[in-house]
Amino acid sequence: MKRTAIITGASRGIGRAITKALANKGFSLVLVYKNSHDKIKSLEEEIAGKCEFLSVCADVSSPNDAEKVYNRAKEKFGFVDTLINNAGISHIGFFDEETQESYNEVMDTNFRSAFTMCLLASKDMIANKFGRIVNVSSVWGQKGASMEVLYSASKHALIGLTRSLNAELAPSGILVNAVCPGVIDTDMNKHFSAEDRRFIEEDIPLGRFGKPEEVASVVSMLTDENLYIGGEDISVTAGY
Ligand code: NAP
């Protein structure tokens, strides 16, 4: 069966690794990114010859941009059966310093983007009686995180979306799952000092940060046609 996936936040980190994993599986891919033009160009070079692809520069926190992504995907490939909602930003700070602006930025990027993309894609998936949706949540979507209240709330919301949407869409052949990475070695965690990093690694049973590829392999599995997993939030933390 021919497959087409939209991957948001494809340019770097976990989304980039997911892109390469799905390219190796022969998916047609829509690579969504916001700022990293050079990184998308180098990714295109890496996957060239493995699959068909289309790169779209868009801010998926904006419903208009998300719609543009979906329409361009449909124009190019005719259908979308797989949606990977991975784009996200971290946000660290004391709760009493949060504002309505920080709320909008974090919730729109981490949650509204997934809500909008699901809304756009689910109509066609229902009509086609098949779909796979993977939302990239976080360990902080499963547990509370001090100084990351907004981030954690946005990632909890993604898990609520995942569970409820799966309950509603699985009868139409659409399985919706979330992955919840622990601490993964990407730009998002570049701000840690060597000392902070050692301190965190001591709390991870495997003794190191995860690799983006180790998240991508789980996401890739959740896109399989032969799947009997739905509505789950799967920890990818090595026990952290
Ligand atoms: P990253 O290296 O910072 O990459 C973030 C990606 O999201 C980039 O491709 C970026 O595009 C894209 N992006 C951000 N805002 C966007 C927007 N408004 N519209 C379109 N694209 C946007 O982050 P990462 O570590 O790979 O994280 C990926 C996902 O995993 C996020 O949802 C994050 O919350 C989650 N996660 C990460 C960790 C971790 O430890 N790294 C742990 C748990 C969960 P540009 O490059 O164009 O800016």
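One-based numbering, in listed order, for ligands and for the atoms of each. Only a predicted model underlies this, so the values are computations on that prediction, with no experimental measurement involved.
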Check your understanding: To which protein heavy atom is atom 43 (C) of ligand 1 closest, and what is the distance rounded to 0.1 Å?
Key -> Pro181 O, 3.4 Å

Check your understanding: If only atom types and distance count, is the side chain of Asp65 paired as donor or acceptor with the main-chain N or O of Asp59 below 3.5 Å?
Key -> yes

Study note, to complete from the structure: Contact region, Ser90 to ligand 1, non-hydrogen atoms below 4.0 Å, reads neither

Review point. Applying a 4.0 Å heavy-atom criterion (strictly less than), which segment of Ser137 is in contact with ligand 1: side chain, backbone, both, or neither?
Key: backbone

Check your understanding: So, does Asp59 sit close enough to ligand 1 that a heavy atom of it is under 4.0 Å from the ligand?
Key -> yes

Review point. Numbering the atoms of ligand 1 from 1, which are under 4.0 Å from a heavy atom of Ile14?
Key: 26 (O), 30 (O), 37 (C)

Study note, to complete from the structure: If we number the atoms of ligand 1 from 1 as shown, the ones under 4.0 Å from a heavy atom of Val60 are 17 (C), 18 (N), 19 (N), 20 (C)

**Study point:** Pair Arg197 + Glu201: basic N to acidic O under 4.0 Å
**Key:** yes

Check your understanding: Hey, does His37 sit under 4.0 Å from ligand 1 if you only count heavy atoms?
Key -> no

Practice item. Would you please determine whether Ala58 falls within less than 4.0 Å of ligand 1 on a heavy-atom basis? Key: yes

Review point. How far is atom 10 (C) of ligand 1 from its nearest protein heavy atom, and which residue and atom name does that atom have?
Key: Arg12 NH2, 3.7 Å

Exercise for review: Give the contacting part of Tyr151 toward ligand 1: side chain, backbone, both or neither, where contact means a heavy-atom distance below 4.0 Å.
Suggested key: side chain

Check your understanding: Quick one: does Gly182 get within less than 4.0 Å of ligand 1, heavy atoms only?
Key -> yes

Exercise for review: Any atoms of ligand 1 less than 4.0 Å from a non-hydrogen atom of Asn189? List them with their elements.
Suggested key: 39 (C), 40 (O), 41 (N)

Practice item. Number the atoms of ligand 1 from 1 as they appear, then name those within less than 4.0 Å of a heavy atom of Thr109, with their elements. Key: 15 (N), 18 (N)

Point to revise | Salt bridge present between Glu213 and Lys20 (N-O < 4.0 angstrom) | key: no

**Study point:** Where ligand 1 meets Ser11 - atom numbers and elements under 4.0 angstrom, heavy-atom basis
**Key:** 8 (C), 9 (O), 11 (O), 45 (P), 46 (O), 47 (O)

Check your understanding: What do we get for Thr186 next to ligand 1 when only non-hydrogen atoms under 4.0 Å count, side chain, backbone, both or neither?
Key -> side chain

Check your understanding: Any idea which protein heavy atom is nearest atom 5 (C) of ligand 1, and the distance to it?
Key -> Gly88 O, 3.9 Å

Check your understanding: Mind checking whether Lys39 has a heavy atom under 4.0 Å from ligand 1?
Key -> no

Revision key, fill the gap. among protein heavy atoms, the one nearest atom 16 (C) of ligand 1 is Lys34 CD, 3.9 Å

Review point. Under 3.5 Å, side chain of Asn135 to main-chain N/O of Asn85, donor-acceptor pair present?
Key: no

Exercise for review: Under the salt bridge (Lys or Arg N to Asp or Glu O under 4.0 Å) rule, what do Asp233 and Arg163 come out as? Steps first, then yes or no, please.
Suggested key: CA-CA 8 Å; Asp233 48 294; Arg163 290 184 184 147; 3.1 Å; yes

Check your understanding: For Lys25, does the NZ atom have more than 12 heavy-atom neighbours from other residues, nucleotides or ligands under 6.0 Å away?
Key -> yes

**Study point:** Closest approach of any protein heavy atom to atom 12 (C) of ligand 1, naming residue and atom
**Key:** Gly9 CA, 3.5 Å

Point to revise | Distance filter under 4.0 Å to Val183 heavy atoms, resulting ligand 1 atoms | key: 40 (O)

Review point. Hey, are Asp185 and Arg208 close enough for a salt bridge, meaning a charged N less than 4.0 Å from a carboxylate O?
Key: no

Review point. What protein heavy atom is closest to atom 28 (C) of ligand 1, reported as residue, atom name and distance in Å?
Key: Asn86 OD1, 3.2 Å

Check your understanding: Is any side-chain N of the basic residue among Lys41 and Asp38 closer than 4.0 Å to the acidic one's carboxylate O?
Key -> no

Check your understanding: Can you find an N/O atom of Lys155 closer than 3.5 Å to an N/O atom of ligand 1?
Key -> yes

Point to revise | Within 6.0 angstrom of Arg112 CZ, more than 12 heavy atoms from elsewhere | key: no

Practice item. List the closest protein heavy-atom neighbour of atom 27 (O) of ligand 1: residue, atom name, distance to the nearest 0.1 Å. Key: Met188 CE, 3.9 Å

Check your understanding: Between the main-chain N or O of Gly231 and the side-chain N or O of Thr162, is there a donor-acceptor pair closer than 3.5 Å?
Key -> no

Check your understanding: Looking only at atom types and distance, does a side-chain atom of Thr109 sit under 3.5 Å from a main-chain N or O of Ile89, one as donor and one as acceptor?
Key -> no

Review point. Given that the side chain starts at C-beta and the backbone is N, CA, C, O, which of these parts of Arg16 lies under 4.0 Å from ligand 1, counting heavy atoms, or is it both or neither?
Key: neither

Check your understanding: Would you find a donor on one side and an acceptor on the other, under 3.5 Å apart, between the side chain of Ser152 and the backbone of Trp140?
Key -> yes

Check your understanding: Is the backbone N or O of Asp224 less than 3.5 Å from a side-chain atom of Arg132, with the two atoms forming a donor-acceptor pair by type?
Key -> yes

